[in-house]
Undergrad: 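The following block contains the structure, expressed as structure tokens.
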Amino acid sequence: MPSIKFEKVEKIYSDNDFNALRNINLLIKQGEFVSVVGRSGAGKTTLTKLIYAGELPTKGDVYFGKKNTKDIKRKHLPYFRRNFGTVFQDFKLLPHKTVFENVAYALEVVGVSTKDILKEVPKILSMVDILEKSEEYPRQLSGGEQQKTALARALINRPKVIIADEPTGNLDPVSSQEIIKLLLKINDLGTTVVLATHDKDIVDKAGRRVVTLENGKVVSDQANGGYVI
Ligand code: ADP
């Protein structure tokens with residue numbers, strides 16, 4: 001199963017010459033749950049983007065299994081990205097589609113049959129505990145419910161890795177905890193989880209490995225003493 005590996009990675013954004021990541025060396029094994037923490041601007045989002053080739057390193061290499069992200073041809077990017085499910089602070093749901101349709105759409109675009117869509121979508125909605133809202137539109141949902149929908153959409157193609165970038169940034173503490181519990185459950189089922197957040201409390205609740213970034217550098221990497229929910 002593919003690991004994620006950063007080797008001597010530097011990321012300098014060319015538009016402003018900003019050194020967002022400096023000499024990152026990191027190994028994330030398949031099946032791990034890793035929280036990436038640090039204050040705003042520390043480089044968390046940049047690090048997550050490098051994993052799914054949303055950005056390429058300026059120096060050094062990022063591997064997913066044996067694949068160096070630098071070597072992926074543009075036309076193969078959509079296929080490569082199927083390894084990853086992503087969730088963000090702002091949910092990114094399609095406003096004119098229902099919960100069901102938002103999740104179904106991720107299957108439609110990769111050519112899954114209607115029969116399979118009707119079978120698979122309710123299963124995943126039930127797993128994230130949002131099945132009863134299937135026919136609602138995003139604007140009718142709470143933030144927590146929207147994030148559960150986004151998580152269902154991220155999971156529906158059975159990615160190897162879930163990348164969650166500040167997934168609780170717009171949520172109240174109770175909803176935040178629910179999302180973290182779901183990420184832990186998904187991880188227990190074998191999916192790698194990379195969680196980027198500035199919220200130390202959330203990370204303590206996850207109780208797993210914590211990589212801390214400061215000014216683009218890894219300043220600590222701990223198995224973590226946090227407590228488990
Ligand atoms: P975090 O997620 O920890 O807030 P980011 O990875 O978003 O950190 O940003 C790290 C630094 O890189 C910040 O100073 C930010 O301004 C800069 N940065 C991020 N994205 C870009 C970009 N596309 N172009 C230029 N600078 C960027």
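Just so it is clear, the values below take in all heavy atoms, side chains as well, and ignore hydrogens, waters and symmetry mates. Note that ligands are numbered from 1 as they come in the structure, with each ligand's atoms numbered from 1 the same way.
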Undergrad: Which atoms of ligand 1 are found less than 4.0 Å from any heavy atom of Thr45?
TA: 1 (P), 2 (O), 6 (O), 7 (O)

Undergrad: Within a 6.0 Å radius of atom NZ on Lys29, are there more than 12 heavy atoms belonging to other residues, nucleotides or ligands?
TA: no

Undergrad: For Glu32 and Thr192, does a side-chain donor sit closer than 3.5 Å to a side-chain acceptor?
TA: no

Undergrad: I need the nearest protein heavy-atom contact for atom 9 (O) of ligand 1: residue, atom name and distance, please.
TA: Thr46 OG1, 4.0 Å

Undergrad: For atom 7 (O) of ligand 1, is the nearest protein heavy atom under 4.0 Å away?
TA: yes

Undergrad: For ligand 1, note which part of Asn16 has a heavy atom under 4.0 Å away: side chain, backbone, both or neither.
TA: side chain

Undergrad: Asn83 side chain to Pro159 main-chain N or O, any donor-acceptor pair under 3.5 Å?
TA: no

Undergrad: Parallel, tilted or perpendicular for Phe64 and Phe80, by the 30°/60° rule?
TA: perpendicular

Undergrad: Under 4.0 Å, counting heavy atoms only: does Glu166 come that close to any atom of ligand 1?
TA: no

Undergrad: What do the steps show when you test Arg22 against Asn215 for side-chain hydrogen bond (donor to acceptor under 3.5 Å, both in side chains), and what is the final call?
TA: CA-CA 8 Å; Arg22 302 151 193 260; Asn215 299 322; over 6 Å; no

Undergrad: For atom 19 (C) of ligand 1, what's the nearest protein heavy-atom neighbour? Residue, atom name and distance, please.
TA: Tyr13 CE1, 3.4 Å

Undergrad: Could you say whether the N/O atoms of Leu47 and ligand 1 ever approach to under 3.5 Å?
TA: no

Undergrad: Any luck finding a side-chain donor-acceptor pair between Thr46 and Tyr13 under 3.5 Å?
TA: yes

Undergrad: Give the residue and atom name of whichever protein heavy atom lies nearest to atom 14 (O) of ligand 1, and the separation in Å to one decimal.
TA: Phe18 CE2, 3.2 Å

Undergrad: Below 3.5 angstrom, do we get any N/O pair linking Ala42 and ligand 1?
TA: yes

Undergrad: Do any nitrogen or oxygen atoms of Glu55 lie less than 3.5 angstrom from nitrogen or oxygen atoms of ligand 1?
TA: no

Undergrad: Inspect the surroundings of CZ in Arg82 and state if more than 12 heavy atoms from other residues, nucleotides or ligands are less than 6.0 Å away.
TA: yes

Undergrad: Would you name the heavy atoms of Thr69 and Pro57 that are closest together and state the gap between them?
TA: OG1-CD, 4.2 Å

Undergrad: If we set the cut-off at 4.0 Å for heavy atoms, which region of Arg39 has an atom near ligand 1: side chain, backbone, both, or neither?
TA: backbone

Undergrad: For atom 1 (P) of ligand 1, which candidate among Ser14, Gly41, Ala20, Gly216 holds the nearest heavy atom?
TA: Gly41

Undergrad: Please confirm whether Gly43 comes within less than 3.5 Å of ligand 1 when only nitrogen or oxygen atoms on both sides are compared.
TA: yes

Undergrad: Are any non-hydrogen protein atoms located under 4.0 Å from atom 27 (C) of ligand 1?
TA: yes

Undergrad: Knowing that exactly one of Thr149, Leu118, Leu131 qualifies, which makes a side-chain contact (heavy atoms from CB on, under 4.5 Å) with Phe100?
TA: Leu118

Undergrad: Please check if any side-chain donor atom of Asp165 sits under 3.5 Å from a side-chain acceptor atom of Thr45, or the reverse.
TA: yes

Undergrad: For ligand 1, which atoms sit closer than 4.0 Å to a heavy atom of Asp15?
TA: 24 (N), 25 (C)

